[in-house]
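Step one of this worksheet: look at the structure below.
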Amino acid sequence: MWGKGKRNIALALAGCLFFGGITAALHPGQTLKAAPTDGGNMPVRQMEYLDRGVVAVSVNNAVFVSWRLLATDDQAAGFNVYRTTDGKTVKLNGDTLYQGTNFTDTTADRTKDNTYSVRIMRNGKEEKTDGSYTLKGNAAQKAITIPIRPGGRIHFVWTGDFNGDGVYDFLVDRADDNHQKLEAYKNDGTYLWSVDLGYNSEDKNRIVPGASTIDVGMWDGATVYDIDCDGYAEVLLRAADGVTLGDGKVFQTGSANPNAQSIVVLDGQTGALKDSAQVPEDYINIGPMACMMGIGYLDGIKPSVVCFMKNRNKDKSFNCIVAPYTYRNGKFVKEWQWNRGKQDCPDAHQIRIADVDGDGKDEILQIGFCLNGDGTLRYELGSQGVVHGDRYYVGRFSPDDKVMMGYGIQQDNPNGLLEYAYNAATGKILWKNQVAPEKTADVARGNVGDIDPNHKGYECWSFQGTYSYDGKLIDKESPYPVLRLWWDGDLLSESYNDGKIEKWNYKKKETERLETTWKITDCIGSERGVPMFYGDILGDWREEIVMTSNDYSKLVILTTTTETDTRLYSLAQNPAYRNCMTIKGYMQSHLTDYYLGTGMKNPVPPSISYIEKNTGFEGVYYIKNANSKLYLDVKAASAKNGANVQQATFNGGAAQKFKIVSHGDGWYSLLTASSQYKSCVDVEGGSAKDGTNVIQWGYRGGNPQCFRIQKNADGTVAFLTRASNGKSAMEVYERSKKTGANVGQWQYLGGTNQHWILMPA
């Protein structure tokens, strides 16, 4: 269904022009002004490559076509829409489209297969861009159905790009099976693999589940993301003994304790184990740890999987651990852990991961506390009267907000606190809705979004009524607070409510139904009244709903068919929103890190780069010079900083073994076995000058230690240095063929002394 294409690597410092929050219509020849930026000081997030996300669905007697504006595009770029039928391609629009990234085709022969694609206008020239979609002939429904293998009830669906083509694929659970299952599918329904979670998934207690049980209560226990930055999404899973992986191998933790668990990384295309790391065993004698997962960029550059874990004592109190895991030096490792202990830090059925202070690095939030990316406690809310509640949200609630805000509800708060809003960067509570303690209540549900344009910013609503973002009571009436949804063509929020897509009529103070999902096609959501997944995974910035057929043999994707002139870059490339897409718990609304509603300001594109696919260089090698036939060598097999790198006769020892590890952005480091892979090859001083020496130094991953590995036609490679911005390469000086000849940096000319042969060790 979805087309494939080559990836374009880009940094999102794109230009944009907005008037009143909606992109201005520009015309060929107009100059695009650069959007305001941070001056290049923000960390650059390594994120997945996405194609154009073209999607087409039937609507009345026409075809609605929608596609992505990418964060890496010029935000006011023009597009042209093309349709290919019976091998003939025609342009559908007259003037180039400079407003919304959607188009209604009223001329299609819908009895035939029609393939839709778009082309982008750059500098007055039309260029092809990745991604297409084929709408099959006689398709009558406003939905996309993807056949999958029949099986038991599906509770959750996750999305990620398993094969690196820029299109989201799917992971589904079979949560009710005696031995729970996970199944991976390509976006067209092609079955990839399954995992049997084994005897340790038989206990489905919602509070104290089995050691490998997933998707009971708030404990999802899995997520999908490209955690090792190789260009292909992995499956992250909390696992225990007896789990049969996608390649048929049975996982064992290696511990004699029956409660032992690991976080495992599974190859998204095969389900095979790539790596694993132990779950902390601080409370292992109490029982296994239940787990929620989500992705965050704690250093602002590379992703971590954040695990929120708990088990229960006999007195019904809980032990709590927060631990993020990431790939470092080619290994999946725990970064740190935080134990709650006796701290006054209430939690809820959801984690949030977002950059609340604007430094480009994410923080980890719960309803009653916030952790910095290094694991230190940023603040807690328990001392301000906050206890457990089912729902809370973190985002930018107003066009004037300088910082992120939070909104939460309470469950039987002993002090009568019902709901509250706070500064998400500092934890300072900004307003409260409070009653006398004897009138306290379980508020149960709450939400945020722009549902009334007569009041600035988002509204906060619950069963207690509707409030402005700054705490003023608007009305005792409110829409049912389930999932906030961006669906139709305006900037107001809609909602998904148990199979119904609804909109709040702020004038009549009542809910109006826009769509009934089961009337569009045979589809159901989960037993909690929410879809199996929702988020911006196709088309323009509005959100899709992923459900299943009644017999769980199909995935059903519902996407909007309403035209809009509003133009926003794909929400899946907004850092806070993309993090939200990886989190389940009790499924709650995603938010962006900018205000999205009436009166919005132009969102500045995020500072991101696309992850390059791993080209197969990672591994341990002997590295032979193509000219001398001698081998890269750390002199005297030294482990010391400053040890010289030379060439020498082959001896097969540690001095000549180098582990190549990817940084995920096209740059690699060469770790030295002589230092037990704690140090690496380094351009001395980070100099760009010809003749700079190459030495060994403690691994930090900075520019002096990064190389772009260029494949040559003869099978050799060149190591282009980042210190020189890729203009120079590692070479043997003066084409020497002698043992002990020095290795350094010189302008890349392509000589054989600058070419090397990788030989797996």
Side-chain angles (χ1 to χ4, degrees), residues 1-2 55-59 63-64 66 110 113 133-160 162 167-196 214-216 220 222 224 235 482-483 485 487 495-502 513-539 542-561 581 584 587:
M1 292 192 301
W2 286 283
V55 64
V57 289
S58 298
V59 52
V63 176
F64 180 78
S66 180
R110 294 171 61 220
D113 291 358
Y133 185 90
T134 299
L135 182 64
K136 293 294 185 181
N138 297 312
Q141 296 171 332
K142 296 190 298 182
I144 301 161
T145 56
I146 301 173
I148 60 174
R149 301 173 81 178
R153 181 179 69 87
I154 295 172
H155 184 199
F156 282 145
V157 173
W158 294 263
T159 59
F162 291 143
V167 184
Y168 285 124
D169 304 304
F170 303 100
L171 179 75
V172 306
D173 66 15
R174 303 286 184 173
D176 282 354
D177 289 8
N178 183 38
H179 285 193
Q180 293 178 314
K181 310 291 192 306
L182 285 171
E183 297 170 355
Y185 296 90
K186 291 175 65 175
N187 59 77
D188 62 358
T190 300
Y191 169 76
L192 295 175
W193 51 266
S194 62
V195 164
D196 185 320
I214 63 171
D215 298 351
V216 292
D220 45 68
V224 175
V235 172
V482 186
L483 279 182
L485 185 69
W487 182 263
S495 63
Y496 174 94
N497 176 16
D498 199 14
K500 304 176 291 294
I501 298 174
E502 299 175 334
R513 188 178 301 190
L514 302 181
E515 299 278 5
T516 305
T517 58
W518 62 85
K519 290 183 179 179
I520 296 174
T521 189
D522 162 36
C523 62
I524 58 172
S526 82
E527 83 285 358
R528 293 181 184 169
V530 295
M532 286 71 178
F533 176 89
Y534 98 103
D536 179 18
I537 58 172
L538 288 171
R542 291 166 296 175
E543 296 171 303
E544 281 66 51
I545 299 165
V546 180
M547 307 175 75
T548 69
S549 58
N550 277 282
D551 63 358
Y552 303 110
S553 68
K554 299 181 184 70
L555 297 181
V556 178
I557 305 176
L558 303 181
T559 186
T560 187
T561 58
M581 284 173 58
K584 298 295 188 182
M587 193 182 295

Item to complete: Begin with the C-alpha distance, continue with both residues' side-chain angles, and end with the deciding distance and a verdict on side chain to side chain contact (heavy atoms under 4.5 Å, CB included) for Tyr552 and Val172.
Response: CA-CA 10 Å; Tyr552 303 110; Val172 306; over 6 Å; no
Discussion item. Please evaluate residues Met587 and Met532 with respect to the criterion side chain to side chain contact (heavy atoms under 4.5 Å, CB included), reporting the C-alpha separation (whole Å), side-chain torsions for both, the decisive distance (0.1 Å), and the verdict.
Written reply: CA-CA 9 Å; Met587 193 182 295; Met532 286 71 178; 5.9 Å; no
Worksheet item: What do the steps show when you test Leu182 against Leu171 for side chain to side chain contact (heavy atoms under 4.5 Å, CB included), and what is the final call?
Response: CA-CA 7 Å; Leu182 285 171; Leu171 179 75; 4.2 Å; yes
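Closest of all the heavy-atom pairs between Ala143 and Val57 is N-CG1, 4.4 Å. Summarising the geometry of Trp487 relative to Ile545, their closest heavy-atom pair is CZ3-CD1, 4.2 Å, with the distance given to 0.1 Å. Taking every heavy atom of both residues into account, Ser194 and Glu183 meet most closely at CB-CG, 4.0 Å. Of all heavy-atom pairs spanning Gly160 and Val224, the tightest one is CA-CG1, 3.7 Å. Considering all non-hydrogen atoms of both residues, Ile214 and Asp220 come closest at CB-O, 3.1 Å. Between Phe162 and Ala184, the shortest heavy-atom distance links the atoms CE1-CB, 3.9 Å.
You'll find the side chain of Asp188 stays beyond 4.5 Å of the side chain of Ile146, heavy atoms only. The shortest distance between side-chain heavy atoms of Ile557 and Phe170 falls below 4.5 Å. Counting heavy atoms from C-beta outward, Lys181 and Val195 have side chains that stay 4.5 Å or more apart. Using a 4.5 Å heavy-atom threshold, the side chains of Pro531 and Leu558 count as separate.
Partners of Glu502 under the salt bridge (Lys or Arg N to Asp or Glu O under 4.0 Å) rule, at least two apart in sequence or in another chain, do not exist in this structure. Here Ser549 pairs with Asp522, Asp551, Ser553, Lys554 under the side chain to side chain contact (heavy atoms under 4.5 Å, CB included) rule; sequence neighbours left out. With sequence neighbours left out, Arg528 forms a salt bridge (Lys or Arg N to Asp or Glu O under 4.0 Å) with no residue at all.
With Tyr496 contributing its side chain and Gly499 its backbone, the two residues share a donor-acceptor pair below 3.5 Å. Side chain of Glu544 to main chain of Ile537: a donor-acceptor pair is present (N/O by atom type, distance under 3.5 Å, no hydrogens or angles). Side-chain atoms of Lys500 do not come within 3.5 Å of backbone N or O of Ser495 as any donor-acceptor pair. Remark: side-chain polar atoms of Asp113 are not paired, donor with acceptor, to backbone N or O of Lys136 under 3.5 angstrom.
Screening Asp176, Val546, Asp173 against Ile154 for a side chain to side chain contact (heavy atoms under 4.5 Å, CB included) leaves a single residue, Asp173.
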